[in-house]
2 protein chains.
Amino acid sequence: MFRRNPSLTEQVKSHLKERIINAEFEEGRIPSETRLANELGVSRNTIRDAFSRLEIEGVIFRKQGVGTFVNEANLLVKTRLEEIVPYETLIREHGYTPSVALVEVEERRIEPELARCLNLKSGETVLAVQKLFLADGQPVIATWTYLPKRLIKRPYLDADLQAPVYQFLPEFCRQTLAYYLTDIVPIIAPAWLVERLALRSKPPTALLSFEEIGHNQDHEPVMKAVSYFRDDLLRLRLMRRYSL
Amino acid sequence: MFRRNPSLTEQVKSHLKERIINAEFEEGRIPSETRLANELGVSRNTIRDAFSRLEIEGVIFRKQGVGTFVNEANLLVKTRLEEIVPYETLIREHGYTPSVALVEVEERRIEPELARCLNLKSGETVLAVQKLFLADGQPVIATWTYLPKRLIKRPYLDADLQAPVYQFLPEFCRQTLAYYLTDIVPIIAPAWLVERLALRSKPPTALLSFEEIGHNQDHEPVMKAVSYFRDDLLRLRLMRRYSL
DNA sequence: CAGTGGTCTAGACCACGGG
DNA sequence: CCGTGGTCTAGACCACTGG
């Protein structure tokens, strides 16, 4: 039934996810682990691994002695903050058509606070990139990305900067982005943001921002990103559970 | 070496966590899975299960072909939003001594929006409870909890309401809180909050709030909670990763 | 090449929930 | 009681990394 690579577990997982999305399971009840193992021709452990991942994602839940079920509540959750997801995907999952605009690219002498975050010396320069993400043409997320000039190993075009950072970094800096450490910070929208995000409610307006330090696989900080969200259009919603 | 119950996996996990906290592993390198399995007298799968959970929590990371390591970066992260944690614990992990004050308890005729969230009829009443959490005596989190009167099966004292909701619900309502669906919303602090949280910066001040609908194990909404955070004292910081 | 983590199997027993 | 998910084992092979 399945090949190897991607792993059996991963194939079983996406197979089940598809059937869940197509609402193929009556009353949200998923067949038992033993039965699925027989049907799909894999061991029960493989089924369990796939179930575990789906459970972590919130797609299903299990009740000992009863069965495994589709988690309908999860359909309301469009965001999984623990995972890095391109903003285009986030926008699409909220039901809009995403697009990106490169607003501004400039080199800057580094500021002390940034130097501290990225372990840089005070003389260095960074590339500061401002992008704007739109949902159905409406601006919803504004981002600033700060990349130390020193890391850039190959010449690039502005168009290259329009791609997500996690694509730019390996290609032009020989760095792989492993994770962000993210601070969630509420702010009062400054004038330039009111304009950029076309905020219409009368000021002051509160906004969510993410302040993120991106780290490579050696746990060294390689970049900083700050994002501002229009929370009226893109609601950050998540599921919080006991224990898992 | 270990008894059953709690599960071997859980015991191995906390055993390792302790050794990690005590910095017993040189250069953050954790012994190989096979070696740990022999040392602790359990199967390699059990070690792997424990490792997986620690990896999800961000405590360790693994590199295929290399080894398993302590994740130092994780020490900066005090919050795991995906999990429900008592605010007292959150405050303690930020290095303060927590305390709670019950500010106000009142019964209210239900508002239309709340009725919709909790699947209530318009005639019903809810118990509205305001609490204030303090860190070293300073107010840092203000919460409102809304509980349908109808659910409360036993008489209670105000003191009972000072305990976390997930303790009150099973005891007085025969309900178990399974998860929250949480919206993260930035707001401008209204006057009562400026006073309650003793905000000193000149207004307007931006604040983070959580709007949460608590669900029981049958996925029915049973309560609503709104929390307001002083983000200057309690920073919401999290680790965002690729894929896991 | 040797050693590490990643995947998978087959089989065993336990704990829980419902009829 | 039976069927469910929860835990655990022993052993196999693969994929990757570093010397």
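Side chains included, hydrogens not; waters and symmetry mates left out as well; all remaining heavy atoms used. Here is how names work: the chains are called A, B, and so on, in the same order as the sequence lines, proteins then strands, and each is numbered from 1.
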Novice: Going by atom types only, do A:Thr9 and A:Arg48 share a side-chain donor-acceptor pair under 3.5 Å?
Specialist: no
Novice: In this structure, how many angstroms lie between the P atom of C:dA15 and the CD atom of A:Gln64, rounded?
Specialist: 9 Å
Novice: CG of B:Asp49 versus P of C:dT7: gap in Å, rounded?
Specialist: 13 Å
Novice: Whole angstrom is fine here: how far is it from CG in A:Leu54 over to C1' in D:dG5?
Specialist: 15 Å
Novice: Measure CD/B:Glu33 against P/C:dG3 and give the value in whole Å, please.
Specialist: 16 Å
Novice: Quick check: do B:Thr79 and B:Leu90 have side-chain heavy atoms less than 4.5 Å from each other?
Specialist: yes
Novice: Does B:Arg62 make a side-chain N or O approach to OP1 or OP2 of C:dT4 shorter than 4.0 Å?
Specialist: no
Novice: Nearest whole Å is fine: how far is D:dT9 C1' from A:Asn45 CG?
Specialist: 10 Å
Novice: Indicate yes or no: at least one non-hydrogen side-chain atom of A:Ile213 is less than 4.5 angstrom from one of A:Tyr180.
Specialist: no
Novice: How close or far is atom C1' of D:dC16 from atom CZ of B:Phe61, stated in whole angstroms?
Specialist: 16 Å
Novice: Quickly work out the B:Phe51 CZ to C:dG6 P distance and round it to whole Å.
Specialist: 10 Å
Novice: Look at A:Thr46 and C:dT9 and indicate whether a side-chain polar atom (N or O) is within less than 4.0 Å of OP1 or OP2.
Specialist: yes
Novice: When we call it a touch if two heavy atoms are under 4.0 Å apart, what does A:Thr34 touch: a base, just sugar-phosphate, or nothing?
Specialist: nothing
Novice: Under 4.0 Å: is that the gap between some side-chain N or O of B:Ser32 and OP1 or OP2 of C:dT4?
Specialist: yes
Novice: Any carboxylate oxygen within less than 4.0 angstrom of a Lys/Arg side-chain nitrogen, looking at B:Arg29 and B:Glu27?
Specialist: no
Novice: Would you mind checking if A:Arg154 and A:Asp160 are paired as a salt bridge, meaning a charged N to carboxylate O distance below 4.0 Å?
Specialist: no
Novice: Please work out if A:Thr9 contacts a base, only the sugar-phosphate, or nothing of the nucleic acid, heavy-atom cut-off 4.0 Å.
Specialist: sugar-phosphate
Novice: Using atom CD of B:Glu10 as one end and atom C1' of D:dC8 as the other, report the distance to the nearest whole Å.
Specialist: 14 Å
Novice: When the nearest nucleotide of DNA chain D is assigned to A:Arg29 and to B:Arg44 on a heavy-atom basis, which residue is associated with the more 5' position?
Specialist: A:Arg29
Novice: For D:dG5, does either OP1 or OP2 sit under 4.0 Å from a side-chain N or O belonging to A:Arg48?
Specialist: no
Novice: Distance check: side-chain N/O of A:Ser43 vs OP1/OP2 of C:dA10, anything under 4.0 Å?
Specialist: no
